[in-house]
Amino acid sequence: MIPKVFKEVIDLGDGRQITLETGKLAKQAHGSVVVQSGKCMLLCTVVSNYDYKDLDFLPLTVDYREKYAASGRYPGGFFKREARPSDGEVLTMRLVDRVLRPLFPKDYHAETQVMIQLMSHDDDVMPDAMAGLAASAAIQLSDFPFECPISEARVGRINGEFIINPTRAQLLESDIDMMIGASADSVMMVEGEMDEISEEEMTEAIKFAHEHIKVQCAAQVRLAEAFGKKETREYPAEREDADLEKKVYDMAYDKVYAIAQAGSAKHERTTAFAEIKESIKATFTEEELEDFGDLVSRYYYKAEKAAVRDLTLNEGLRLDGRKTDEIRPIWCEVDYLPSVHGSSIFTRGETQALATVTLGTSKEANQIDMPSFEGEEKFYLHYNFPPFSTGEARPIRGTSRREIGHGNLAQRALKGMVPSDCPYTVRVVSEVLESNGSSSMATVCAGTMAMMDAGIQMKKPVSGIAMGLISDGDSGKYAVLSDILGDEDHLGDMDFKVTGTADGITACQMDIKVKGLSYEILVNALKQAREGRLHILEKLTETIAEPREDVKSYAPKMVTVRIPNEYIGALIGPGGKVIQELQKETGCTIVINEDPETEEGIVEILGTGQEGIDAVLAKIKSITFKPEMNSVYEVKVIKMLDFGAVVEYLEAPGNESLLHVSELAWERTENVSDVVNMGDVFDVKYLGFDPRTKKDKISRKALLPKPEGYKERAPREDSRNGARDNRGRDNRGRDNRDNRDRDRKRD
């Protein structure tokens with residue numbers, strides 16, 4: 001039986017459409033939807049278990065995968081099967097998770113899984129822009145307790161005009177690449193990169209995306225109503241005790257407020273808060289703690305959060321004693337590691353990042369192989385967050401999603417400042433050594449200094465800052481916090497990170513936790529962030545004002561040469577023999593790529609010694625040497641023949657040419673050795689390609705003055721004009737051949 005299919009169409013306003021479809025696929029999932037735009041199709045399924053775990057968080061898993069069959073390709077590797085998710089897939093998972101998670105009830109603890117799969121790919125559609133829409137639409141078709149539909153959209157801008165969900169080709173021309181997640185009422189998530197735009201321009205881009213998201217949310221509601229909106233499932237609510245909550249609040253609030261007001265360091269403050277909590281628990285019997293000890297802990301943290309927020313809103317003070325717009329003390333250092341190509345330390349308060357830079361050829365480029373995109377990155381950044389940075393001991397099991405996300409943010413912040421003519425592949429690695437508030441922004445700052453220390457000619461230095469917001473919706477009070485602590489990240493209403501140069505924003509990441517945040521507050525927060533960014537930027541430039549003029553003496557130097565395609569084979573040699581021997585002799589790394597546009601070979605030479613680089617350049621010049629008409633070249637005799645001398649061009653060793661005896665001197669030359677000998681060096685003139693001999697013609701005598709009284713020899717008569725009648729059928733005897741032999745000898 002053919003299933004009944006329900007559809008909704010979203011008009012993007014420029015002839016493109018997004019279709020939502022349900023009822024055909026994956027009907028045993030609690031909710032499933034197919035989202036299609038052009039030939040791009042995403043299948044999203046959602047399932048939430050009916051048994052509930054004794055946890056204090058929502059065990060939500062968002063999984064996004066791209067199937068290679070979607071673009072008619074095979075997976076790489078031996079097993080030819082999709083395996084662990086790529087960084088690009090992980091980044092899409094994070095984008096969706098950050099918008100969905102806050103909309104589940106805080107007391108909902110059932111294991112929940114959202115699976116989004118790219119089933120069909122379209123080169124003109126970027127699937128990650130529809131992943132949030134697919135996830136929310138599937139949830140609307142389920143019985144999950146979920147606050148409201150949301151969606152995500154990408155915004156680009158070309159020639160001042162905003163574009164919704166631009167193609168990858170359009171993004172190359174765009175000065176904005178932002179993903180916005182929102183409900184119909186509130187913006188909840190912003191992430192992207194920009195080409196030094198202003199705070200007002202960024203706000204306008206968010207508004208533009210939000211208007212389109214409202215349309216997408218309405219389409220989800222219509223689809224759910226047509227399909228048949230399910231009753232929201234019932235689940236066991238968390239136990240509550242109003243009397244106990246008040247008792248814990250009364251015991252904790254004032255004590256927490258006093259400690260927060262004292263402005264202590266992280267370790268000292270954490271210990272003091274823990275002591276307050278333990279003193280409260282000590283007022284209860286063991287039987288009472290066994291019965292409702294979890295409630296005591298929960299109500300204590302609620303009181304702690306209220307006290308810290310009130311301190312900031314009422315007195316403008318923060319946990320470490322700073323004012324709301326104050327930046328923690330900063331110290332920086334460059335060239336700390338003696339053997340790396342570039343290094344720096346950035347320390348802000350209790351957050352520290354050590355960054356390194358490594359320079360390489362295009363061979364070291366980061367290869368991206370996804371069904372939706374194939375390419376490479378010549379600038380990339382890796383971020384490591386070891387457990388000791390927060391004073392913890394825990395096992396390390398690969399790169400976490402958080403590390404991938406924070407590294408990507410820092411990479412997007414910096415990559416626009418790498419000049420397009422930078423010959424190197426640049427890898428930046430940030431090792432977070434201490435963390436108490438925005439190690440990703442410390443990574444941006446450390447990365448900037450390390451790149452300048454390495455001699456990368458950055459267009460402009462970049463700094464970053466993490467901001468927070470505490471607001472009271474009832475009174476209208478709010479406080480924007482500059483350079484937030486880790487604790488302030490958890491208890492605040494907004495966490496946003498902004499990076500940029502002195503002239504504008506280069507990247508941002510925002511998670512907004514309150515409904516209906518006004519654009520006025522957002523703009524004010526962004527302007528305060530700019531002041532903080534410029535303050536931090538000043539500290540960076542005090543440490544290293546501009547990039548070093550050149551790479552360090554022990555760092556590899558890169559020289560790039562373009563050669564005609566026809567010479568690539570000669571440079572590589574049979575089986576790679578020429579290039580391998582050249583690398584071995586010079587100690588250089590040589591990489592050859594072909595430019596499909598100009599049909600040239602791009603030769604990259606990487607070496608630490610100038611002598612080796614010069615040797616490679618000389619070899620390339622020798623291989624690609626082509627003499628120019630009427631030009632003069634210095635040559636050396638390398639072989640003597642009866643009818644001339646073989647000479648080698650000194651500026652292109654290995655390139656030889658025959659200097660015929662007739663071109664040695666103006667006088668008649670009986671023996672070649674009468675004029676030149678082995679090893680002689682002299683100049684010759686290149687006279688072009690001789691069509692008669694099929695070889696290049698060079699002359700020594702053309703550069704010598706003619707002897708006095710010299711007479712040009714009369715040109716030989718052309719036999720084709722009848723001058724040699726004895727070549728007829730009746731004159732083919734030996735005498736005729738003898739005459740020809742005598743003529744050749746005279747010549």
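Quick note: numbers below take in every heavy atom, side chains included, and nothing from hydrogens, waters or symmetry partners.
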Does Arg412 come within less than 4.0 Å of Asp177, counting only side-chain N to carboxylate O?
yes
Working to the nearest 0.5 Å, report the span between CE of Met194 and CG of Asp175.
10.0 Å
Is Glu245 paired with Lys302 through a side-chain N to carboxylate O contact shorter than 4.0 Å?
yes
Do you see a donor-acceptor pair shorter than 3.5 Å between the side chains of Glu89 and Thr92?
no
Does Asp320 come within less than 4.0 Å of Arg269, counting only side-chain N to carboxylate O?
no
Got a salt bridge between Glu147 and Lys515, using NZ or NE/NH1/NH2 to carboxylate O under 4.0 Å?
yes
Inter-residue atom distance Ile206.CD1 - Met178.CE, 0.5 Å rounding:
4.5 Å
Can you confirm whether Lys459 is buried at NZ, in the sense that more than 12 heavy atoms of other residues, nucleotides or ligands lie under 6.0 Å from that atom?
yes
Val114 and its side chain to side chain contact (heavy atoms under 4.5 Å, CB included) partner, picked from Asp97, Val46, Thr61
Val46
More than 12 heavy atoms of other residues, nucleotides or ligands under 6.0 Å from CD of Glu549: yes or no?
no
Are the charged groups of Lys513 and Asp511 less than 4.0 angstrom apart, N to O?
no
Between the CZ atom in Phe346 and the CG atom in Leu540, the distance rounded to the nearest 0.5 Å is 6.0 Å
Taking Glu377 as the fixed residue, which of Lys415, Gln411, Gln367 is the one that meets the side chain to side chain donor-acceptor pair (under 3.5 Å) rule?
Gln411
Could you tell me which residues satisfy side-chain contact (heavy atoms from CB on, under 4.5 Å) with Ser183, sequence neighbours excluded, listed by chain and number?
Cys148, Ile150, Asp185, Ser186, Met188
Measuring from atom CG of Asp87 to atom CZ of Arg401, what distance do you get when rounded to the nearest 0.5 angstrom?
11.5 Å
Which pairs count as salt bridge (Lys or Arg N to Asp or Glu O under 4.0 Å) when at least one residue sits in residues 327-354, sequence neighbours excluded?
Arg328-Asp483, Asp335-Lys552, Arg348-Asp483
Ionic contact status for Glu238 with Lys106, cut-off 4.0 Å:
no
Check ion pair Arg533-Glu199 (N to O, under 4.0 angstrom)
yes
On the 0 to 90° scale, with breaks at 30° and 60°, tag the Tyr383-His406 ring pair as parallel, tilted or perpendicular.
tilted
Taking the ring centre of each residue, are Tyr249 and Tyr299 less than 6.0 Å apart?
no
